[in-house]
Amino acid sequence: MTDVRVRFAPSPTGSLHIGSARTALYNFLYARHNKGTMVLRIEDTDEKRSTTEHDRGIIENLAWLGLQADEGPDVGGPFGPYRQSERSDIYEAAVQKLLADGAAYPCFCPQEMLEQKNEALLAAGKMPKYDRTCCSLTKDEVAARLAGGEQAAIRFKVPDGDVNFADLIHGPITFSSDVIGDFIIKRTDGGYSYNFAVVVDDAGMEITDVIRGEDHITNTARQLMIFAALGKPAPRFGHHSLILAPDGSKLSKRHGATSVAQFRGLGYLPAAITNYLALISWHPQDEREKFSLAELMEEFEIERVSKSPAIFDLQKLNWLNGLYIREMAPKDLFVAVAPYLADSGMAFAPVQQEVVAEAIQANLVTLSDAPQYAEVFHVDADPATCSGAPDLTGPQSSQLFELAIEHFKQMPAEFLPVPEAREVLRGLVEAAKEKGVKGKAVYHPLRVALSARGEGPELFYLVAGLGKTKILKRLESAAAYAARFADPTL
RNA sequence: GCCCCCAUCGUCUAGCGGCCUAGGACAUCGCCCUUUCAAGGCGACGGCGGGGAUUCGAAUUCCCCUGGGGGCACCA
């Protein structure tokens, strides 16, 4: 077997879609697993819809996911250029060859007429198919019309007979060629059609395996015919299923985030995305669910990719994302989360950062969840007005707060490392116990006093990350509030 | 309309004729842990779309139906 060469061939008409990312991932894994090469080819033959902005965005998002191609417009390679807009000469040569071989012919039929005919066929319950009007034109007729200034498109003459291939994922697939009409390979405007350019490029770039979405399965028949007409060996094809929205329809904007850039902005980790995308239809031999990119490269086998379409399950992506977040070192987590905190106007001193990250780590589903949990370290809300306020006015609260104030005044520094904060808190709990205040009666009022919330990270994190000044200030305001409710008989 | 593909818990899937009383994961629910929210541990709920055929035996093979998806362009 010659060295495996695969390609990912997006068209820069939009941001990198999560479905395209999966195609890229499967190509990448297939290449890596088989010690082959992945090439990135930008299919920008649609000048009207392609933009350089998307071109750049796609390359950037692929890199962010860790799916860097071995050859492509950004890194170069021996089979360039890697943008179709720069390959016209190559396509033209192929068109001329097909014309010379009689495998293609010029077509002068106006578009309006073709549309009419197709509609008529559709109405009659038949498959729309070109009627070969121009196929029978003689060389002289063609020359005359061309000389008369008429514009011609070039059509591929579809040969008779069945086309079949062994799909890497689906197994044998057969098409009858009489379902396929002679299709355009070069447009009147001089552009080359997708089905044609793809084949010329896959042949020219010596692609051995084409892994793409199921929406291309019917294109394969046409492409196989062109490979044959060009006298080039056809690659193997593998068509993976498509990703559907929860309602079974095509995944689109109205279902929420659909592009890699959006997921990135929402705070999803690349490792979680690639892990999830792989798991959508690939399954390992055993029952593990968590795979790093490196592990996927090692274990990914296209034989184990499922044929059926899959519904995008945000819940599972969320679960994986949380898994990867919990795995991060707090220091790294803070760095990852910092932009979101900054957006919410939160900044933390270097000494607090690791504590804050560690404190909120287990709560995060995405990085963008950080502000809502980190808030307890930042906001200076009045505990008296929060929903947990009733806990501040228990029979022993006033006494507890006075004790706590005395206790925290002894803190040796503004910020303490977590283990020391734990000790300080333990000391307070002991002292409170001696005064007959224990359990929930100490933890809960303290929590509300310190954070103005009834829930949040473990108390010692608050002690560590809040800072002595803030702790005392908050306790004092809680104490003042509690005093107003204190039972004068106590 | 025609062509192609697909069909196991709500979702992603394991299963490739007896190992299936159908396994795992997410979600859901319950319990445990716990000062709270999470995280974590344990458990529960829950499925082979329908009909034929082959076979001693079918989730697994074949046919039909139904359902879903894709395609049928001078878009990619």
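Worth saying up front: this structure is predicted, and the values here are computed from it rather than measured. Chain identifiers are assigned alphabetically (A, B, ...) following the order of the sequence lines, protein sequences preceding nucleic acid strands; residue numbering begins at 1 within each chain.
- Between L323(A) and C109(A), the one whose closest nucleotide on RNA chain B sits nearer the 5' end is L323(A).
- As judged by a 4.0 angstrom heavy-atom cut-off over every strand, T13(A) is placed among residues making no nucleic acid contact.
- When the nucleotides A76(B), A25(B), U35(B) are ranked by their closest atom to the side chain of E458(A), U35(B) comes out on top.
- Applying a 4.0 Å cut-off to non-hydrogen atoms, the residues of residues 239-250 of chain A that approach RNA chain B are L242(A), G248(A), K250(A), listed by residue number.
- Heavy atoms of D44(A) sit nowhere under 4.0 angstrom from any nucleic acid atom.
- Contacts between residues 277-286 of chain A and RNA chain B, counted as heavy-atom distances below 4.0 Å, involve L279(A), I280(A), S281(A), H283(A).
- Counting any heavy atom pair closer than 4.0 Å across all strands shown, R326(A) reaches sugar-phosphate atoms only and no base atom.
- Counting any heavy atom pair closer than 4.0 Å across all strands shown, E289(A) reaches a base atom.
- Summarising the geometry, the separation between CD on E119(A) and C1' on G1(B) is reported as 14 Å, rounded to the nearest angstrom.
- Listed by chain and number, the residues in a salt bridge (charged side-chain N to carboxylate O under 4.0 Å, His left out) with E455(A) are R453(A) (sequence neighbours excluded).
- Taking the six-membered ring for Trp and the full ring otherwise, the centers of F377(A) and F334(A) sit at least 6.0 Å from each other.
- Among the atoms of the strands shown, base atoms are found under 4.0 Å from some heavy atom of P128(A).
- Note on P10(A): nothing from the nucleic acid sits closer than 4.0 angstrom, heavy atoms only.
- A stacking contact links Y443(A) to U35(B): the aromatic ring centre lies within less than 5.5 Å of the base's six-membered ring centre, and the planes differ by less than 30°.
- When distances run from any side-chain atom of L114(A) to the nucleotides C3(B), C74(B), A76(B), the shortest one goes to C74(B).
- Heavy atoms of R288(A) sit nowhere under 4.0 angstrom from any nucleic acid atom.
- Of the candidates U36(B), U11(B), C6(B), U36(B) carries the atom nearest the R447(A) side chain, counting heavy atoms from C-beta on.
- If you check every strand for non-hydrogen atoms under 4.0 Å, R212(A) touches nothing.
- Looking at heavy-atom distances under 4.0 Å, Y276(A) makes no contact with the nucleic acid at all.
- In this entry the distance linking CE of M328(A) with C1' of A39(B) reads 17 Å, nearest Å.
- Side-chain proximity of N363(A) to the nucleotides C37(B), A76(B), A25(B) is greatest for C37(B).
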